[in-house]
Amino acid sequence: MTADQIFKMIKELDNGERWKFLEMMYDEYYNSRKSSEVKKEERLSNLEKDIEFLSRKVGVHEMYFNRIHKKEEEEDRA
């Protein structure tokens, strides 16, 4: 099999599969750390980002709920 044939096959892959292939090639030839360590670090980083994002969303929703309850209490008093 030639490099041109392999390149053509790679071009015909779905976008997600091409990225997966590129990551595998990078890990094989350029990454000095074990891929499992990299994946764990990446997953941890993504989880931290998700937690930060969700905590901001929870804070905003809590603020809106407090406003709604305050308005309801004011209407009940009136």
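When reading the values below, keep in mind they use all heavy atoms of this one structure, side chains included, and skip hydrogens, waters and symmetry mates.
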Main chain of Lys20, side chain of Glu23: is a donor-acceptor contact present, judged purely on distance under 3.5 Å?
no
Can you tell if the side chain of Asn46 reaches within under 4.5 Å of the side chain of Glu42, non-hydrogen atoms only?
yes
Side-chain contact test, heavy atoms from C-beta onward, threshold under 4.5 Å: evaluate it for Lys49 versus Ser45 and give yes or no.
yes
[Y] reachable from [X] in the ILVMFWY side-chain graph, under 4.5 Å edges:
X: Tyr29; Y: Leu22; answer: no
X: Phe65; Y: Leu54; answer: no
X: Trp19; Y: Met25; answer: no
X: Met24; Y: Met1; answer: no

Set of side-chain hydrogen bond (donor to acceptor under 3.5 Å, both in side chains) partners for Asp50, sequence neighbours left out
none
Quick note, side-chain hydrogen bond (donor to acceptor under 3.5 Å, both in side chains) partners involving residues 6-17, not counting sequence neighbours, are Asn15-Arg18
Once the angle between the rings of His61 and Tyr64 is folded into 0 to 90°, is it parallel (under 30°), tilted (30 to 60°) or perpendicular (over 60°)?
perpendicular
Just verifying a value: how many Å separate Glu41 CD and Arg43 CZ, rounded to the nearest 0.5 Å?
12.0 Å
Between atom CD1 of Ile10 and atom CZ of Phe21, what is the distance when rounded to the nearest 0.5 Å?
3.5 Å
Candidate list His69, Lys70, Met63, test side chain to side chain contact (heavy atoms under 4.5 Å, CB included), partner Arg67, passing option
Met63
